[in-house]
Amino acid sequence: MRRILPHPLLTAGLTLVWMLLTSFSLGHLLLGGMIAGLAGLAFARLEPVGPQLRSPWALVRLGAVVSVDIIRSNIAVARLILFGGDRHHRRRSGFVKIPLRLQDPMPLALLAMVITATPGTAWMEHDMDSGILLLHVFDMREEDDWQSQIRDRYESLLLEAFA
Amino acid sequence: MTAGTILIAALSYAQLMLALAACMAGWRTLRGPRAQDRVLGLDTLYVTTMLLFVVTGMRIGTPFFFEAAMVIGVLAFAATVALAKFLLRGEVIE
Amino acid sequence: MIEQNLILILIGLPFIAALITASLSVNSHTAAAWVSGLSMAGALAVLMALHDRIVTGEVLRVTIPWVPSIGMNLTFRLDGFSWLFVALVLAIAILVVIYASYYLSRSDPVPRFYSFLMAFTGAMVGMLISGNILMLVVFWELTSVISFLLIGYWHQGQAARDGARMALIVTAAGGVCLLFAMLVLGQIVGSYDLDRVLAAGDLVRGHRLYPLVLGLFLLGAFTKSAQFPFHFWLPGAMAAPTPVSAFLHSATMVKAGVFLLVRFFPVLGGTELWFYAVTGTGMATLLLGAMIALFRHDLKGLLAYSTISHLGLITALAGIGSEGAILAAIFHIMNHAVFKASLFMAAGIIDHETGTRDMRRLSGLIRFMPVTGTLAIVASAAMAGVPLLNGFLSKEMFFAEAVDWHNGTWLDDAMPYLATISSIFAVAYSLRFIHTVFFGPAPVDLPREPHEPSAWMRRPVELLVLVCLVVGILPALTLGPALNLAARAVLGPDLPYYDIAIWHGFNTPMIMSLLALAGGTVLYLVFAARIAEGPEGPPLLHRIRAQKIFERMLLALSWKWPRALHKLTGTERLQPQLTIIVVLAIVLTTATLWQTVQITDRPRSNPFNIAFALMWVVGAACAIGAAWQAKYHRFAAMMLLGGAGLVTCLTFAWASAPDLAVTQLLVEIVTTALLLLGLRWLPKRREEIADDKLLPARMRRMRDLGIAAIAGLGMAFLAYIIMTRPLIPNVGDWFLRNAYYEGGGTNVVNVILVDFRAFDTFGEITVLCIVGLTVFALLRRFRPASESRSSPDQQKDIHAANLRDYLVVPSVIMRWMFPVMIVISAYFFMRGHDLPGGGFSAGVTLAIAFLLQYMGHSVRWVEARLTVLPIRWMGVGLLIAGATGVGAFAFGYPFLTAHAQYVSVPLIGKVPAATAMLFDTGVFALVVGATVLMLIAIAHQSLRSARLREQEASEAAAEAASGPTEREAV
Amino acid sequence: MSTPLDTLPLWIAIPVALLLIIGSTLTMLGALGLVRLNSFYDRIHAPTLGTSWGTAGIMLASMLAYSWLDGRAILHELVIGSFVMITTPITLMLLSRAALHRDRMEGNPDVPPTSAPPED
Amino acid sequence: MEIVLSTAIGILTASGVWLLLRPRTFQVIIGLCLLSYAVNIFIFSMGRLTPGAPPIMPKGGFINPAAYADPLPQALVLTAIVISFATTALFLVVMIASRGVTGTDHVDGKERDE
Amino acid sequence: MTAGLNHLIIAPILIPFFAGALMLLYDDRQRRTKLLISLGSALALLLTAIELLNRAKGSALSGGNDIGFYLLGDWAMPFGIVLVIDRLSAMMLVLTALLALPALVYAAAGWNRQGQHFHSMFQFLLMGLNGAFLTGDLFNLFVFFEVLLAASYGMLLHGSGQLRIRAGLHYIAVNLAASLLFLIGVSMIYGVTGTLNMAHLSNLVPLLPESERPLLHAAAVLMGLAFLIKAGIWPLSFWLSTAYMAAAAPVAAIFAIMTKVGVYVVLRLSMLMFGASAGASAGFGAYLLLGGGMATVIFGFIGVLASQGLGRMAAHLVLVSSGTLLSVTGFALMGGGSAMLGGALFYMLASTLATSALFLLIEPMSREEGGIAALLALTADAYGLDEKEEDSQPETGLAIPGTLTVLGLSFGICLLVLAGLPPLPGFIGKVAILRGVMASEALPAGLGWAFVALMLVSGLATLIGLVRIGIQTFWASDGVVPRVLALEIAPVLVLCAMIVLLSVRADDALRYMRATAEALYRPTIYAEGVLRAPRVVSSPTPAPAPSPPAKPAAQAPSSAAAPAPAPATPAPSAPNGEVQP
Ligand code: NA
Ligand code: NA
């Protein structure tokens, strides 16, 4: 089974993509499944073993958190661009160093997506040895604790999700 | 005030906004000053164009621009990755 | 019938002999001589056999069709004139063959010599008996070409090469003129048949093109017969072996020109123009040749100029063209051939036996070679015009014509004087030849000890001298009838019989002859010593060396001027070439449209859209920006190019071409990657180019800016006027109507690509395949410039070490995108026939998927996991596409006939199953293969360079380890 | 110009229009940021407006409109939206890394030194 | 709208021609790319502009060809795009090969004054 | 060769295509197999071409449907793409095959090892050439031009090295510019006339409204420029000499036909579009072609005289030949008559064979010690780390005796042909042309005389130049006789033999050419023949006859969508009337 379907989740996901693109019909389920299966086989050549997903629920929670954050920061950044900050506060950007506990590339990639997708934070560089992530923050407010925000809001969920 | 008029207005507005966005992205690409700024500008231009594909498709009433938008959405990053990697390493494939 | 076969044998024999001798081995000297001699004898026998028919005044003809559609046939025509001439050629040929077999050295490639000689004889005979004026030119040119080979027989010497080349160029140029003349003549007469041409004299002379024909014709004849001012090639040709000179330069080739003059006299002659041109040239040549001959120190040089002079005499006679003159001309042709051939042979013997031809070194040879000496003396006397010898007779006839014939022109009046003067010189140079070579003290310090040659080498000379004597004493019995026959063949059967006697009484010509003899003797006696000490050539005149002039002219005409002109009218640089293309396109289009093009009064137009216009503001800015930056900021230019491309894609979409938008976008992405891959090997431009700020560079830029602006305006104008024209009915409508019913697809563009015009796609994928292969092949032998061989700057810095893991996180996403892109690719492929997409888009998508993996990892990493055999993909893709096309044959349809059907599949429903899809599979496979091949082939260069660097580093390390002392020494 | 969109009822048309306006405005603002902001590191934040809610707004609008027209859920745009979100990080990560690298190589004091421990 | 597109073609052409006449290979290749954009749009415009009517047909039924964009120029442009992509790639490789063997990026393989 | 299906017509395209594609599946080291495939293909091409020629000969002027055509995809005219075989194209096919075979044999002496995939590229070049000769569709012509150009880029660069790369860069840049002009021209023609079919176009030109005519002419000019660049007209020909000189010998030998493709297309299209029956467009471009052609001849022979090496000289001889043909085309547009045009076609045949032979001779003639081995060593890959280059061994073939004699003889034959000296076909061709020009009443007399004089002078200049080189090579060089392989000299001898044969059978050849020229003067034969070409399926409704599976495409959708497709598909039965303005 593993030889024919090395990445079942991926295959399922790609079949879904196929059906999203075409239509939800039996024919396309079969065709899409076949193509997705082939794609999975090709992927297995690059990555024989997939990620060990422990808790999908944590990922769902992460998704919810992130969605809210994205909307919020969209508004914030848009306002900052238009008005350059408010009366009390001039926008000040800067770099933040955050030591990460994540080691695996896969969850790191997810974290990168999260941080990038959220306007206002940008992933600069990450050192694999020390685990330090360099973040660029669009608007550094004193009251924000970026370290804890990243580590607690996102990283912990990711740590929970992946083995 | 029919649905059609509202939509046409919204679509025209969206087209205009996106075209303006494209202008600004283009300006950054042209202006620089550093290479990374240009790449960023071009990347933004790509995204803007993609959105413009979708909006124009809606405006014209055909779904046939979807593929073009998808090419940008799914594949165009390869071009910007190549550009960024070139900046970083001086060669695209090592 | 039999005569015709005989004529064919006559012309065929020499060529057959040439082929035989050519195939003999290098040292079969005797065999070659025998073959040649026998074939000549055979030909002569054939000729004699034909004599009976000729003598009745009959003209024998035979025609073998060759290219009848342009009137060029192998027509041969033998009459009294050509018979006599052919007889002369063959007879002398036999003698030359005998002579040559003793003359040529054992070390020479003798069979080749005979082969050329025989071929030449064949060509000469062919020319003489040609009954078609085009064929006459054919043989004429052949004699030039073969004589080139003969003169250059001893090509080890510079003189032989130069002489041969000059002879060829002059005579071939004349031949070209002759060809021109014959073509026009044929045009006037309406036939190339010699008989019809000869009969059309009045028509030709009355034609407005007569001067042109005459001029070209005479150029041909004069060059061949070495007439002034084209005489200089003949002395140069003396570098040829003596048998060649004896044959070509006395008896045959040089006579071709005068032969032609005589032959065509009935057509072209008899006009004042003819007289002035021909007789004038002839007299000038006669005089000049004789004068120069006197001053030549080289034996063969003297003979050559003498030949020139005698040819001038014959030419002058042909120019006069009276009955007597023509007869005299023919007679002198014969006589001159006989005595000059013998003289050349004698000179050859002297050269052969003493090792030199310089008259200043030769002396008193009569003591060592009495027989040869005697023969030479007799022959020289004939040349000088001493009575009782043949030369005397024809010269007398010439004098008689000079005196008796009148047409009231100044040239006519001057002729007797000029003739006498030249005769004086002729006597003087003949005397010099004899006196200096054979009399006086014994020679000193000759290269070889002089002695008589072998008897057989002398036999031909003996025979010829005998002829001189016999003809000189008994002209009426020997040559008289033949001459009359020949003259009648030229001038017509009504010609009265001319008796050739040796004594006409003590008349003016006789006085002139005596005057010449006396004057010549005095001249020589007075100036002998001075001539010997003087330069090669007459006083003053020797400075004007025609040969030198010619050589310089040739050098200028054929080398210096062409080189200068070529530089002026051509260029090897790319920019001017491209400029010319653009400018020509602009100029010619403008010229075509100027004041004729109409702008339609009811233009089509679509409503203005501000967003679209704004997008083109971006597009235009990007395009101009790219143009601006491409020199110093390549990277920026590339991105700006991408911007312009993006707006182009949007335009396609906006104007209802979704397929184009998709394809252009995909191509954009791959092109960007390609350009970047290439940019690695174009090191950054560090400093501005020095000349850039200077005025010329600025002027160039201004000019190019102007051209570019006009080109842009022009294209915009063209596009505008056509876009706004009302739509004419076009074939496009048909595709719209038939795509679904006939092509089985709803996306008309795709149906066109894979069905209606699938053949275009078929060609297009082949192009892609070829380019892929070319890129691959070229990069296999790629060598980067020295400064790009090292790793890029970005990787050199100390900080670079920190970049180790920079790809770890991105590469995860890039890997995961791989299967996604495969699915997207499949999606594009599947929907192509009905919606935007298709094999090409799918293929490029998959290629991008591969590219992404290469970028996200290293070449080695990817290739350890994925085996992509791009060339295999390409081959298979092409074969699938081709096989799909050929598949239609099985059903009786032409190539690429598609078979479209919607097949009902259980559970799934109707699916399109067009063979076009199979074709598209081929396209897909090919595009994947070719695109990946191109990308990877370039990418591999980095790997190669890196490996090379490693190799060099390890070698250097090894060297450092092994030889520290050497390093210290350095 | 009449399009099939004319047949949309008002209650769908209004959210569609709103989403379009939000999406395009955000994208425009993002681009504006690209023009107005002063340093590269600031500017790198701007385009994410377009790739997040800019894209989302317009894609949602399209999905809504076409789903109504087709009478079934048209979720094409979901694919584009999610892949834009997935792929944007790669570009921006590599780009910011490149910018950092270039700035460090030039000794720009505004960027923090490498966080990697010095190698020995 | 035609005027915008014509202007666009004109500007692309002018930029392309300007670059085509420059001495550096990279300029030439960028110029060729720009020119191929211009020419592709030009070909496309020969079928006149018909916005909003892609040549994608309904499955069956009567078709009014006038209501759709002319598909033929589009098919031609597609072929032209592919071919110009191929030749651009080729020119690029020749360009870098030339840079490699001649040591200069001048189109003539040597600097002007040499 | 009447109506109907005849796969033989497409064979000249498919044979090299499949051969080339098939060889991609073999590793480049399996040379013998590749060579065999390649030679087999070339031989098959030759036989096919000769058969096509024989068929074309049978029926050239019988009137009506007397040309062969092949409807690709079985689509009705003028919508689909058509291949057309007539005397002219058949002749070009034969010529191509005649050049290909010797070049391939020659390449087997070691040239094919200098780079990758030589044989595939060679086959694709043949495919492109044959396609260009056969196609009856303007855009398809563009595609095949690109095929042959792409292949020629590859072939020119074959073996790499500085000279080739530099020449290649120029060659490619110029041809890319030309391709762009071609595209502009083709699309304008479509925009103005609404068709791409050459036959259809020929019919439409006289009917075109006057307002559109200038645009048609402008399009023709732009397209013409593209062809003329390929044909090497002055001043668009400066790329040519370096490119031909730099190319490897067998490549240059096949390149001898490349300029002729340009000439062929110019001739074909100008006679179709601007022939005597073209109404107001008749004779368009005649003076341009004549002037350009004569300028090319002048430039060519000046170049011949100015050249130091034989390679460059041979390249300029190509220009002389092509300039002559272009001038004659100009005369033909003025109504110069078939005698002249036929002569020119004959001359083309002869001069192409001779230049090809000359290109093959150049290398052996100037070969020093070592020959190909040295050449390979020069180009051997310093970077070939990936694989061992076993290429560098010289071919151990049979060296021929009497090398210099054989070389000299071959050189002499080429010289005589190119200088237009008797008795070889160069002379015959020239005489035929000049005779025709002088006899023609339609031509301006002054131009005719100028042309005649130019022809003669150019022949003389050729003679001078070639003799100079010949003397240098064969007479002035003392020293080692080069080692020349039988594999290298045999192809030259074959070409020379063909030249000799051509002069022996000159009358047959000339007759053929004249008939070809006559056909060219009657474009309606071509146009009507093509436009009436019947499909295999006569109409979209199923045929009642028990024929093989009648075009199912037509039935399937109609059975799927119930109503009969009658109103939607009236076109295919009326190919002619419908689309005319
Ligand atoms: Na972000
Ligand atoms: Na003496």
Side-chain angles (χ1 to χ4, degrees), chain B residues 1-11 13-18 20-25 27-28 31 33-37 39-41 43-45 47-48 50-52 54-55 57-63 66 69-70 72-78 80-81 83-89, chain D residues 1-14 16-21 23-25 27-35 40 43-44 46-47 50-51 54-55 58-59 61-62 65-66 70 74 76-77 79-81 83-84 87-88 90-99 101-102:
Chain B
M1 197 73 159
T2 64
T5 356
I6 292 175
L7 275 177
I8 293 293
L11 284 166
Y13 171 81
Q15 274 188 324
L16 188 64
M17 283 301 115
L18 291 173
L20 281 174
C23 283
M24 294 188 276
W27 188 81
R28 186 48 78 194
R31 184 71 216 296
R34 305 294 310 274
Q36 52 264 39
D37 292 300
V39 181
L40 198 62
D43 195 43
T44 311
L45 192 58
V47 174
T48 317
M50 174 188 84
L51 297 178
L52 206 49
V54 176
V55 172
M58 286 175 77
R59 168 103 197 240
I60 289 171
T62 62
F66 174 72
M70 191 164 75
I72 296 186
V74 183
L75 299 168
F77 78 100
T80 17
V81 165
L83 291 166
K85 197 174 170 196
F86 185 84
L87 277 186
L88 194 61
R89 298 290 292 163
Chain D
M1 187 159 48
S2 83
T3 78
L5 295 181
D6 290 340
T7 59
L8 243 52
L10 207 59
W11 63 271
I12 293 244
I14 289 174
V16 167
L18 276 178
L19 282 168
L20 280 171
I21 290 168
S24 57
T25 311
T27 311
M28 193 277 286
L29 287 179
L32 184 67
L34 203 59
V35 172
F40 172 77
R43 289 195 281 265
I44 204 166
T51 56
T55 306
I58 288 171
M59 293 302 164
S62 173
Y66 281 108
D70 236 36
I74 299 291
H76 283 169
E77 286 80 356
V79 178
I80 301 186
F83 284 118
V84 165
T87 56
T88 313
I90 317 176
T91 318
L92 293 187
M93 280 161 83
L94 283 174
L95 204 55
S96 38
R97 191 80 193 245
H101 183 56
R102 286 163 67 104

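Keep in mind that the numbers below use all heavy atoms, side chains included, and drop hydrogens, waters and symmetry copies. Below, chain A is the first sequence line, B the second, and so on; all start at residue 1. Not measured: the values here are computed from a predicted model.
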Sort out for me which of [options] touches chain B most, counting heavy-atom pairs under 4.5 Å.
options	result
D:Thr88, D:Val84, D:Leu20	D:Leu20
D:Glu77, D:Met93, D:Arg43, D:Met28	D:Arg43
D:Ile12, D:Ile58, D:Thr51	D:Ile58
D:Leu18, D:Val79, D:Ile14, D:Thr25	D:Thr25

From [X] atom [atom1] to [Y] atom [atom2], the distance as rounded to the nearest 0.5 Å:
X	Y	atom1	atom2	answer
D:Ile90	B:Lys85	CD1	NZ	12.5 Å
B:Met50	D:Thr27	CE	OG1	8.5 Å
B:Gln36	D:Leu95	CD	CG	6.5 Å

Please look at B:Ala22 and chain D and tell me whether the side chain, the backbone, both or neither of the residue comes under 4.5 angstrom of a heavy atom of that chain.
-> neither

Region of B:Val81 in contact with chain D, defined by heavy-atom distances below 4.5 Å = both

For [X], is it the side chain, the backbone, both or neither that has a heavy atom under 4.5 Å from a heavy atom of chain B?
X	value
D:Met59	side chain
D:Phe40	both
D:Ala65	side chain

Quick one: side-chain hydrogen bond (donor to acceptor under 3.5 Å, both in side chains) partners of D:Thr87, sequence neighbours excluded?
-> none

Closest heavy-atom contact between [X] and [Y]?
X	Y	answer
B:Ile6	D:Ala17	CG2-CB, 3.7 Å
B:Gly73	D:Ile80	CA-CG2, 4.2 Å
B:Gly41	D:Leu34	CA-CD2, 3.9 Å
D:Ala98	B:Leu87	CB-CB, 3.9 Å

Which one of [options] has the most heavy-atom pairs closer than 4.5 Å to chain D?
options	result
B:Leu51, B:Leu11, B:Thr80	B:Leu51
B:Phe66, B:Tyr13, B:Trp27	B:Phe66
B:Asp37, B:Thr44, B:Val39	B:Asp37

In chain order, what residues pass the side-chain contact (heavy atoms from CB on, under 4.5 Å) check against B:Thr62, with sequence neighbours excluded?
-> B:Ile60, B:Phe64, B:Phe65, E:Pro54

Can you find a heavy atom in the side chain of D:Pro47 that is under 4.5 Å from one in the side chain of B:Leu40?
-> yes

